[in-house]
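All residue numbers in this chain count up from 1 along the given sequence. All ligand and atom numbering here is 1-based and tracks the order in the structure. Quick caveat, the model's predicted, so the values are computed rather than measured.
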Amino acid sequence: MIQSEHIQRQDPQIAEALHNEEQRQRDTIELIPSENFVSLAVREALGSVATNKYAEGYPGKRYYGGNQHIDIIEQLAIDRAKQLFGAEHANVQPLSGAPMNLAVYAAFLQPGDTVLGMDLAHGGHLTHGHPVTFAAKVFRFVRYACDPETGAIDYDAVREMARREKPKIVLCGFSAYSREIDYEKFHAIAKEVGAVSMMDMAHIAGLVAGGVLKNPVPMMDIVTTTTHKSLRGPRGGMILCKEEFAKAIDKAVFPGLQGGPHQNQIAALAVALGEAMQPEFKTYAQQVVANAKVLCDVLHTGGMRILFGGTDNHLILADVTPLGLSGREAQELLDSVSITINKNMIPLDPRKPMDPSGIRLGTPAMTTRGMKEEEMRVIGSAILEVLRNPTDATLHAKVRDEMIALARRFEA
Ligand SMILES: *Cc1c(COP(=O)(O)O)cnc(C)c1O
């Protein structure tokens, strides 16, 4: 149970909604790859007195007094981030992923300048210049793609594009791509055209921290990451970079883009980074990947078309149209049996973003709850059973009961 006696007394409407949300989380098989469950220690820090404090500036250089304790907290977050990822510099103030990437663009680009990034339907993220974003109105985004069947990136083609388009930033990073990236090659291409190399590791930061995926930080000029996905911290963003870019990044975050940092969030991040440094976190990261491979195999064997030929990380992008369904239909059917995933565009998708061909699933959340390969097999089979029998209400009721019971056996 959440500690909510004060909310309950003062604001029953919010207390009730929070209580219901807690129950929903407890009773759901959570396969949205960007979600996770933070520890109680992280939640305590988020709900702490640090939320009361204004601290514009950076440790030791604040525009407000009374920051002697806040400085210790932020400096610990910075030091732990640098140690965990081997970074020369860390900025822990970005309020979330979108402002963190905007800060990097603001640090290195003038309006009209070009960014070379991954095609959004091939795994790139909205904040990498989707036409609906503010960044896309100000900067010019050009895109490379990967082979939908194997996930291979044609680095010669990327180099050709870089030579032709003259980007100021060469960006790799993704939210729906399941393979490893060759950071050396991306960095070399960026240097060849005089650009800054940037990796957005939002999805995989926990797997990098846990040592199961290559660490881009020693290679790339700038690495951005959200802190609330596989890294299992509070919602937030973080920018890691080489010392030579530290000033530009810090100025772009504050005062360039943000005002007072959320010090409760930074305290919670420090706690989460401390957790990610423990040996148990390595075991966690290994299990996340092992679980994803098993789930991927089950879905592939059951008739889904797996994009990029499999997974090296926590993510699975699958085309469900071979089962006679759209991504939206699959999402709604699975929602009805207490399994949450999300619909997603696939490369060269003939369908529309609100009703695409694919679904995206991931294992960080349920691995935190303690699930292993055996549970992934059960869940994968349940997913296939429901999607193959989209109108069988009796079956759906049975699977729903089973999934709720399974979720309850693995409490957060
Ligand atoms: C989630 C994500 C973001 C954005 O993070 P928000 O905190 O939702 O703003 C940025 N980049 C990538 C690659 C992501 O996966």
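- The distance criterion of under 3.5 Å between nitrogen or oxygen atoms is not met by Thr226 with respect to ligand 1.
- At least one side-chain heavy atom of His128 sits under 4.5 Å from a side-chain heavy atom of Leu171.
- Looking only at protein heavy atoms, the nearest one to atom 15 (O) of ligand 1 is Lys229 NZ, 2.7 Å.
- Taking atom 7 (O) of ligand 1 as the reference point, the nearest protein heavy-atom neighbour is Ser96 OG, 2.4 Å.
- Among all non-hydrogen protein atoms, the one lying nearest atom 11 (N) of ligand 1 is Asp200 OD2, 2.6 Å.
- Contacts between Leu126 and ligand 1, counted as non-hydrogen atom pairs separated by less than 4.0 Å, are absent for every part of the residue.
- Ring centroids of Phe308 and Phe174 are separated by 6.0 Å or more, keeping the two rings apart.
- Among His125, Met100, His128, the residue whose heavy atom sits closest to atom 4 (C) of ligand 1 is His125.
- The nearest pair of heavy atoms linking Arg360 to Pro33 is NE-CG, 3.5 Å.
- Checking Thr363 against Asn291 by side-chain atom types alone, no donor-acceptor pair falls below 3.5 Å.
- The N/O atoms of Gly97, backbone and side chain alike, include one that comes under 3.5 Å of an N/O atom in ligand 1.
- Below 3.5 Å of separation, one finds no N or O of Ala202 facing any N or O of ligand 1.
- For the pair Arg232 and Phe281, the cation-pi criterion (under 6.0 Å, within 45° of the ring axis) is not fulfilled.
- The nearest heavy-atom contact from the protein to atom 9 (O) of ligand 1 is Ala98 N, 2.8 Å.
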